[in-house]
Amino acid sequence: MRERGFGVHKIACSTFYMCHKVWLLFYPKIHDNNDPIKLFLNRLQSLEKRILTEAAETPVIVYEMKRQVEGNRKIKILCCCRQWEDAEIMVLLQVMYTDLDFISTFNIELDVLQQFLYEVYRRYNNIPFHNFKHCFCVTQMMYGLIWLTDLRSEMDSIDLLIMLTSAVCHDLDHTGYNNAYQINARTELALRYNDISPLENHHCAVAFEILEKTESNIFRNLSTEQFKRIREGIIKCILATDMTRHTEILNKFKAILPVFDFSDKDHRDVLMMIMIKVSDISNEARPMDVAEPWLDCLLQEFFNQSDMEKLEGLPVTPFMDRDKVTKPSSQTGFIRFVLFPLFTELANLFPCLEVRKFPEENLSLEREKQNWTQSEKMVKPSNLKEPEAHPEPGGMTKPVNL
Ligand SMILES: Nc1nc2c(ncn2[C@@H]2O[C@@H]3COP(=O)(O)O[C@H]3[C@H]2O)c(=O)[nH]1
Ligand SMILES: [Zn+2]
């Protein structure tokens, strides 16, 4: 367990070093005062000022880091460490749409975008993990990756719009009980979708329910052809977040990697699925003080489910059982066999995501490793057996057909 986060952190140091509770923005170093990115940054800075003034009692640390990526292109990371409120999150999501030029490219009216984001916010449930903040984290990771990998130069705006919107919508109306529960408990969702990815099908259907209403249809000014393409793309991306398809999708990606061609639609489709999958499970690629509270939330949701399974006499999902699971046991296999191989393949396509060493971050890695070793001792009750292997997404310890 001591190596928890070690390999991941190496990636996190360079690639996926983003925080869910923070706002990070990657942007190329620019000098043009009219550059939309610079204008956006000014807006962001005023937002930060407002936050600093309005919430003086909230500890806020704003800092900047400069990093070297690909040749001489500098990337700046602006990071404001504090918990964002839901309203601010909606503003930040709006800014992502603006910043990627979706507003102008697709003629999206601001009030329609705001209404869309509000409806999205309303349709995320107040549950420990799969809530609106998780939606934000995933979207923010997607947004960061799009910039970091310079995807705008390789893929067209529609693909990027599909990716960002899929991230926003990917867990809509999640009930906090996974597909296994839905199927075993024969819920309405399992019945409706014949046990086939009931949750993901539902997230998708809710997304298009929101988009059915003219006032929240951000695609309303697009042609029928464009809408068709977007709908197909979003469905593909959201359905790809069902972890039972993990191995299938990762293997597809590995197979095309040596000949990856951005002009091939099938290749782009697989990449889009990989991007949303990476974003979806990226908590552990964030700094420890961010990742750990998310793990607590995830375990809380897992434990709620297994409690319910016990109460209803249903099969208990082992990696969710509070009597069996510890924080380390839930993470070792997940990081080693799910997260790391997936992130590594993405980094194989985008060399700019490769491991880069930063002396100060290596120091913090050491500190984090020590912290984890200590917290590991604290979290594991003395009467608990060694962690068991759980061949499922939440706690797998060996690669299996998910
Ligand atoms: N053990 C573990 N599972 C995770 C972690 N992040 C995501 N997952 C699992 O991966 C799944 C991805 O799809 P879901 O969001 O439905 O549910 C998620 C969790 O079951 C993590 O950090 N640890
Ligand atoms: Zn998710």
Side-chain angles (χ1 to χ4, degrees), residues 7-18 24 26-28 67-75 77 96 100 137-167 170 232-234 236-243 245-286 334-358 399 402:
V8 176
H9 192 96
K10 282 199 290 183
I11 286 191
C13 285
S14 58
T15 310
F16 302 99
Y17 194 76
M18 303 184 208
L24 289 152
F26 294 89
Y27 67 98
R67 286 192 189 150
Q68 203 76 31
V69 282
E70 282 191 313
N72 287 327
R73 195 173 147 236
K74 286 249 171 71
I75 291 242
I77 301 170
M96 292 183 205
L100 286 166
C137 294
V138 175
T139 311
Q140 180 247 330
M141 183 61 76
M142 179 67 91
Y143 168 83
L145 285 174
I146 288 172
W147 280 111
L148 195 63
T149 56
D150 198 15
L151 218 52
R152 295 202 325 160
S153 64
E154 301 285 4
M155 288 169 83
D156 75 1
S157 298
I158 292 203
D159 281 340
L160 303 180
L161 181 63
I162 290 170
M163 286 195 278
L164 200 78
T165 311
S166 299
H170 85 283
E232 185 204 304
I234 290 179
K236 217 170 257 177
C237 282
I238 296 184
L239 292 187
T241 61
D242 181 346
M243 288 300 283
R245 297 184 54 205
H246 179 79
T247 311
E248 169 222 326
I249 297 170
L250 184 57
N251 284 346
K252 261 190 199 157
F253 188 57
K254 280 185 190 167
I256 58 174
L257 254 181
V259 289
F260 194 90
D261 179 1
F262 279 101
S263 65
D264 184 324
K265 183 181 178 305
D266 292 342
H267 290 196
R268 287 199 313 271
D269 282 352
V270 181
L271 174 61
M272 285 157 73
M273 293 196 277
I274 291 288
M275 293 279 284
I276 194 164
K277 282 174 61 52
V278 163
S279 306
D280 196 19
I281 61 165
S282 58
N283 283 336
E284 282 295 337
R286 298 169 190 271
F334 184 79
I335 292 172
R336 182 174 299 154
F337 297 117
V338 182
L339 189 152
F340 198 68
L342 180 68
F343 282 33
T344 305
E345 295 306 332
L346 187 64
N348 282 341
L349 181 64
F350 297 109
C352 63
L353 302 184
E354 264 170 16
V355 176
R356 234 171 238 102
K357 285 199 168 76
F358 297 100
L402 287 168

What distance separates T344 OG1 from N348 CG, expressed to the nearest 0.5 Å? 7.0 Å
So F262 and L151, do their side chains get closer than 4.5 Å, heavy atoms only? yes
Under the side chain to side chain donor-acceptor pair (under 3.5 Å) rule, collect the residues that match up with K265, sequence neighbours excluded. E232, D269
Are the side chains of M273 and L239 in touch, meaning some heavy atoms are under 4.5 Å apart? no
Note, E345 side chain near L250 side chain (heavy atom, < 4.5 Å): yes
When every non-hydrogen atom of V259 is compared with those of H267, the smallest separation belongs to O-CE1, 3.4 Å
Which pair of heavy atoms, one from M155 and one from L271, lies closest together, and at what distance? SD-CD2, 4.0 Å
Taking all non-hydrogen atoms of both residues, which atom of M96 and which atom of Q140 are closest, and how far apart? CE-CA, 3.8 Å
Parallel, tilted or perpendicular: which describes the rings of F260 and F253, with under 30° parallel and over 60° perpendicular? perpendicular
Side chains of I249 and I274: does their closest heavy-atom pair fall under 4.5 Å? yes
Separation between CD1 of I238 and OG of S166, rounded to the nearest 0.5 Å: 5.0 Å
Closest non-hydrogen atom pair between K254 and P258, with its separation: O-CD, 3.4 Å
Do I281 and F343 have side-chain heavy atoms sitting under 4.5 Å apart? yes
Option from L339, L342, V338 for which side-chain contact (heavy atoms from CB on, under 4.5 Å) with K277 holds: L342
What residues, two or more places apart in sequence or in another chain, satisfy side chain to side chain donor-acceptor pair (under 3.5 Å) together with T241? none
Of all the heavy-atom pairs spanning I162 and C237, show the shortest one and how long it is. CG2-SG, 4.1 Å
Point-to-point distance, once rounded to the nearest 0.5 Å, from CE of M163 to OG of S279: 9.0 Å
Just verifying a value: how many Å separate F337 CZ and H246 NE2, rounded to the nearest 0.5 Å? 11.5 Å
Once you round to the nearest 0.5 Å, how far does CD1 of I234 lie from CG of L161? 7.0 Å
Test W147 against L100 for side-chain contact (heavy atoms from CB on, under 4.5 Å), laying out the working first. CA-CA 9 Å; W147 280 111; L100 286 166; 3.9 Å; yes
With sequence neighbours excluded, what pairs up with E154 under the side chain to side chain donor-acceptor pair (under 3.5 Å) test? none
Value for CD1 (I256) from CG (N251), rounded to nearest 0.5 Å, stands at 11.5 Å
Using every non-hydrogen atom in the two residues, find where A167 and T139 come nearest and quote the distance to one decimal. C-OG1, 3.5 Å
